[in-house]
Amino acid sequence: MTVSRGPPGRPAASSGCLGCWRRRPPLGFGAKVTIAIALGLSFAIVWTSLSPTSSSQQISTERSSFAADIVDPPPASHNHTATTTTTAAAGGGHRKPRPTTSRSHKKRHPPAGSHPHRPNATASPDSTPANADHAVQSKPAEPEPEPGTELEEEEVEQDQEEKEAELPMPEESEDGKAPEEESEKAPELELDELSEGDGYGEEAEEGQKKAPKKTKKQPPLFSSSAHYHWKHCGAKSGHHYIPCVDFDGDGSQRHRERSCPRLPATCLVSMPKEYKPPAPWPERKEKVWYGNIGHPRLSSYVKGHGWLNRTGDYLMFPPDEWEFKGGSRHYVEAIDEMAPDIDWGKNIRVVLDIGCKSAGFGVALLEKDVITLSLGLTNDQTDLAQVALERGIPATVGSLGSKRLPFPSGAFDAIHCGDCNIPWHSNGGKLLLEINRILRPGGYFIISSKHGDLESEEGISASMTAICWNVIAYNSDDVSEAGVKIFQRPPSNDEYDLRAKKDPPFCKEDQNKAPAWYTLIRHCLHKAPVGIEERGSEWPEEWPKRIETFPEWLGDLQTRVEADHKHWKAVVEKSYLDGLGIDWSNIRNVLDMRAVFGGFAAALASKKVWVMNVVPVHAPDTLPIIYERGLIGVYHDWCEPFSTYPRSYDLLHADHLFSRLNNRCKQPVSIVVEMDRILRPGGWAIIREKLEILDPLEKILKSLHWEIVMAFRKDKAGIMSVKKTTWRP
């Protein structure tokens with residue numbers, strides 16, 4: 001007998017039903033797959049309807065719509081309702097809205113096994129997100145990039161950074177610190193894009209291109225997880241502290257030459273209790289708020305000099321009073337009569353005034369369209385250079401010692417030393433050799449003394465004769481009661497060859513004239529340029545044609561300098577002047593922290609401002625080009641504090657400064673601290689950077705209570721307009 005069994009787990013059925021079940025054919029493979037797909041789709045539909053939108057989808061939508069709105073920054077004079085929102089900080093400024101979640105652009109991670117951020121980031125050791133005073137909420141984790149995408153982007157970027165620059169690079173100094181080279185990208189000059197800087201680099205010559213190298217990626221410049229707690233500097237110099245000039249903790253003593261602290265300064269310089277913003281130009285050149293600059297030594301100096309007049313809370317500068325009787329205008333007119341070929345404002349445009357006192361010489365020359373840079377010496381504890389900067393007069397701090405001044409060779413059209421009492425002939429005349437280096441061939445050296453008898457100074461005439469400087473005029477003015485003598489550097493080498501005694505000797509051909517950063521002054525004489533392809537062989541065009549004339553000695557750089565000029569002219573006119581919320585009527589002293597060809601300064605030349613152009617020592621040497629255009633500037637290493645007083649500038653401009661550092665600074669946050677030191681309260685900063693740097697930089701600025709007035713982001717770059725407040729810890 002055959003016994004029928006139902007399917008496992010079922011009770012026995014009647015024979016009829018059992019026969020039906022047995023006659024049903026088994027399901028095929030295709031049918032089973034179809035059923036599985038249908039069930040899966042049903043589950044997905046139900047899950048999607050009940051679940052919130054994923055973070056990645058939300059980020060993608062916000063970023064695409066956000067980027068579309070910031071192709072061109074809107075002008076400040078128009079309504080910003082559609083594109084900007086009011087910032088939470090005081091002041092009523094505007095800024096672009098930004099997503100509160102992480103961005104859709106791919107994050108660049110450090111190589112495997114490395115620390116996720118710089119180990120020397122200046123985060124407080126005891127700070128945590130829970131107890132940080134200025135902590136920023138942490139962002140959700142960003143979506144991981146697709147496999148291979150990050151590596152491909154890194155290789156492309158590495159290939160671009162290895163393209164050789166066609167500009168002269170600073171050579172390693174034999175007697176000072178060795179500036180490091182910097183790889184740069186070609187300039188991106190599209191006006192409707194947030195360019196990644198103007199770059200110095202250019203494609204290498206054919207046959208010299210290097211194959212891309214796979215190198216380890218550098219860690220982020222700023223840690224996104226750090227929390228910052230700020231403290232006052234402990235130096236006794238208080239709100240006048242210059243880190244590389246003053247001894248640490250003792251403001252009454254100063255270094256004879258530049259000497260920076262072993263560790264970068266990360267403290268905040270205190271501010272005068274009754275600080276007030278400077279008056280608009282030109283009112284500020286006639287009077288300044290004494291509380292901004294006052295200290296006991298300055299007070300004593302004011303009492304003994306009639307050209308300074310303290311009236312109430314102000315320090316006044318009577319226009320007809322100066323170190324010499326008759327005033328600075330009479331002094332300049334006397335020089336005109338002595339040497340008509342000088343032709344201020346046309347033939348002579350860039351002047352260095354050594355031993356800054358009242359800066360009246362520079363003020364008088366401003367009326368003749370001459371820009372005069374006052375050099376305040378470090379041994380001047382009266383801080384008259386700070387007074388000049390407060391008045392809106394170009395000034396810097398330096399020393400005439402064993403090292404070169406931070407200027408290129410043949411930079412200045414004329415150099416002035418009014419009653420500065422500097423022993424030019426001492427130590428073999430080395431100081432005079434340094435003046436010879438920075439003075440343009442054919443340029444003028446004007447020296448004056450109240451005693452009216454320069455010949456009484458021992459050795460000065462012999463020193464001038466040894467370097468073949470010609471006396472073109474000498475006069476003892478009855479009104480000013482000053483003796484004025486004007487020398488001229490030979491425009492060619494013909495006079496040098498006629499010297500009976502070749503002392504000082506000519507500098508060797510292999511001694512580069514350009515390096516001027518921690519470089520010792522050599523006892524040698526630099527020859528004048530000879531070939532037409534050399535800078536300095538011909539005098540520049542008259543001002544103002546000079547700023548838009550690109551001489552033939554630039555060679556292939558002519559087109560790049562011209563393009564840079566047009567680029568910044570358009571950016572300043574279309575965006576900076578009206579689109580960043582800046583009140584330019586209160587802007588006078590401007591610092592371009594990473595100048596290339598001086599295009600930014602040239603674009604502001606017609607405005608009532610002056611610009612100090614800084615060429616980093618690790619970048620290609622473009623500072624001679626800036627001076628050739630009739631502008632001023634210095635070399636500097638931003639890993640160290642800048643040679644100026646606190647609150648010197650009204651506006652800072654940093655175009656891809658941080659991304660060009662290549663992690664060469666031990667503590668990059670110290671650069672932000674230095675920006676806080678040299679920018680006055682109420683001053684502005686324009687920062688253009690990659691987003692990977694701009695975002696954590698914004699967090700640092702907020703911890704300093706700076707107001708983010710306006711911010712724009714597009715693709716991988718962005719721009720911020722920020723304003724410093726009066727906050728101190």
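Residues P490 and Y496 meet the side-chain proximity criterion, which asks for heavy atoms closer than 4.5 Å. Contact check for S399 versus L377: no side-chain heavy atoms found under the 4.5 Å cut-off. At a threshold of 4.5 Å between non-hydrogen side-chain atoms, the residues I632 and P394 count as touching. L352 places a side-chain heavy atom less than 4.5 Å from the side chain of I354. Under the 4.5 Å side-chain criterion, counting only non-hydrogen atoms from C-beta, L557 is not in contact with T622. Side-chain contact between V561 and L554: present, with at least one pair of heavy atoms (C-beta onward) separated by less than 4.5 Å. Within the 4.5 Å cutoff, side-chain heavy atoms of W553 are placed close to those of I625. Side-chain contact check for V471 versus K485: some heavy-atom pair is nearer than 4.5 Å.
A pairwise comparison of heavy atoms in Y518 and E640 identifies OH-OE1, 2.8 Å as the closest pair. In plain terms, the two heavy atoms of P540 and E628 that are nearest each other are CG-OE2, 3.6 Å. P319 and E286 get closest at one heavy-atom pair: CD-OE1, 4.0 Å. The minimum heavy-atom distance linking M710 with G579 is given by the pair SD-O, 3.0 Å. Considering all non-hydrogen atoms of both residues, A339 and I472 come closest at CB-CD1, 4.2 Å. The nearest pair of heavy atoms linking Y331 to S448 is OH-OG, 2.9 Å.
Geometrically, R391 engages F317 in a cation-pi contact, judged by NZ or CZ lying under 6.0 Å from the ring centre and within 45° of the ring axis. For the pair K276 and W289, the cation-pi criterion (under 6.0 Å, within 45° of the ring axis) is fulfilled.
Using a 30° and 60° split on the angle between ring planes, W638 and F642 fall in the parallel class, below 30°.
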Notebook entry, point to check: Is there a side chain to side chain donor-acceptor pair (under 3.5 Å) between D320 and H330 once you walk through the steps?
Noted result: CA-CA 9 Å; D320 297 330; H330 171 79; over 6 Å; no
Next item on the list: Determine, step by step, whether W584 and K607 satisfy the side-chain contact (heavy atoms from CB on, under 4.5 Å) criterion, reporting the C-alpha distance in whole Å, the side-chain angles of both residues, the deciding distance to 0.1 Å, and the verdict.
Entry: CA-CA 9 Å; W584 287 88; K607 308 302 178 183; over 6 Å; no
Item checked: CA sep, side-chain torsions, deciding dist, call: L315, N309, side-chain contact (heavy atoms from CB on, under 4.5 Å) -> CA-CA 6 Å; L315 190 61; N309 183 10; over 6 Å; no
Next item on the list: In sequence, state the C-alpha distance, the side-chain angles, and the governing distance for N586 and W281, and then conclude on side chain to side chain donor-acceptor pair (under 3.5 Å).
Entry: CA-CA 7 Å; N586 293 323; W281 183 266; over 6 Å; no
Item checked: Pair D336-K368, salt bridge (Lys or Arg N to Asp or Glu O under 4.0 Å): steps then yes or no -> CA-CA 12 Å; D336 286 339; K368 296 181 176 291; 3.7 Å; yes
Note to self: Test side chain to side chain donor-acceptor pair (under 3.5 Å) on R404 and T519; report intermediate values, then the result.
What the structure shows: CA-CA 6 Å; R404 291 181 176 180; T519 302; 5.4 Å; no
Next item on the list: In sequence, state the C-alpha distance, the side-chain angles, and the governing distance for W517 and D637, and then conclude on side chain to side chain donor-acceptor pair (under 3.5 Å).
Entry: CA-CA 9 Å; W517 187 250; D637 185 353; 4.6 Å; no
Check: Step by step, would you call V634 with V614 a side-chain contact (heavy atoms from CB on, under 4.5 Å)?
Finding: CA-CA 5 Å; V634 294; V614 177; 4.2 Å; yes
Notebook entry, point to check: M464 and F445: side-chain contact (heavy atoms from CB on, under 4.5 Å), yes or no, with the steps?
Noted result: CA-CA 11 Å; M464 296 294 186; F445 181 66; 3.7 Å; yes
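Looking at R349 and D413, no side-chain N of the basic residue comes within less than 4.0 Å of a carboxylate O on the acidic one, giving no salt bridge. We find that K545 and E542 are not joined by a salt bridge, their nearest charged nitrogen and carboxylate oxygen being 4.0 Å or further apart. Ion pairing of E367 with R329 is present here, as a side-chain N (NZ or NE/NH1/NH2) and a carboxylate O approach within less than 4.0 Å. Ionic pairing of K566 and E562 is present here: one or more N-O contacts between side-chain nitrogen and carboxylate oxygen are shorter than 4.0 angstrom.
Side chain to side chain, N292 and E390 meet the donor-acceptor criterion of an N or O pair below 3.5 Å. Side chains of H565 and R629: a donor-acceptor N/O pair is present below 3.5 angstrom, by distance only. Side-chain contact check for D583 and W684: no donor-acceptor pair (N or O, by modelled atom type) lies under 3.5 Å.
Residues F487 and Y444 keep their aromatic ring centres 6.0 Å or farther apart. Residues F407 and Y635 keep their aromatic ring centres 6.0 Å or farther apart.
Residue I446 holds its CD1 atom at 8.5 Å from CE of M338, rounded to the nearest 0.5 Å. Expressed to the nearest 0.5 Å, how far NE2 of H636 lies from CG of L623 amounts to 13.5 Å. Here the OG1 atom belonging to T549 is positioned 4.5 Å from the CD atom belonging to E541, to the nearest 0.5 angstrom. Rounding to the nearest 0.5 Å places CD1 of I447 at 9.5 Å from CG of D419. Here K608 contributes atom NZ and S585 contributes atom OG; the two are 10.0 Å apart, rounded to the nearest 0.5 Å. For the atom pair N613 CG and F597 CZ, the distance stands at 12.5 Å (nearest 0.5 Å).
Between the side chain of D477 and the main chain of S480, a donor-acceptor pair closer than 3.5 Å is present. Judged by distance alone, with hydrogens and angles left aside, the side-chain atoms of Q558 form a donor-acceptor pair with the main-chain N or O of P551 at under 3.5 Å. Judged by distance alone, with hydrogens and angles left aside, the side-chain atoms of E434 form a donor-acceptor pair with the main-chain N or O of L405 at under 3.5 Å. Remark: the backbone N or O of L375 is not paired with any side-chain donor or acceptor of T396 at under 3.5 angstrom. Using modelled atom types, one side-chain atom of S721 and one backbone atom of L580 make a donor-acceptor pair closer than 3.5 Å. In this structure a side-chain-to-backbone donor-acceptor pair under 3.5 Å is missing from E337 to A334. The closest donor-acceptor contact from the side chain of K285 to the backbone of G392 lies at 3.5 Å or more, if one exists at all. With hydrogens and angles ignored, the 3.5 Å screen pairs a side-chain donor or acceptor of N347 with a backbone N or O of D341.
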Give the table of side-chain donor-acceptor pairs shorter than 3.5 Å for residues 646-653, with sequence neighbours excluded, one pair per line with atom names and distance.
unit_1, atom_1, unit_2, atom_2, d
R647, NH1, H239, O, 3.0
R647, NH2, H239, O, 2.7
S648, OG, T644, OG1, 2.8
S648, OG, Y645, N, 3.3
S648, OG, Y645, O, 2.5
D650, OD1, R680, NE, 2.6
D650, OD2, R284, NH1, 3.0
D650, OD2, R588, N, 2.9
D650, OD2, N589, N, 2.8
H653, ND1, D592, OD1, 3.2
H653, NE2, Y576, OH, 3.0

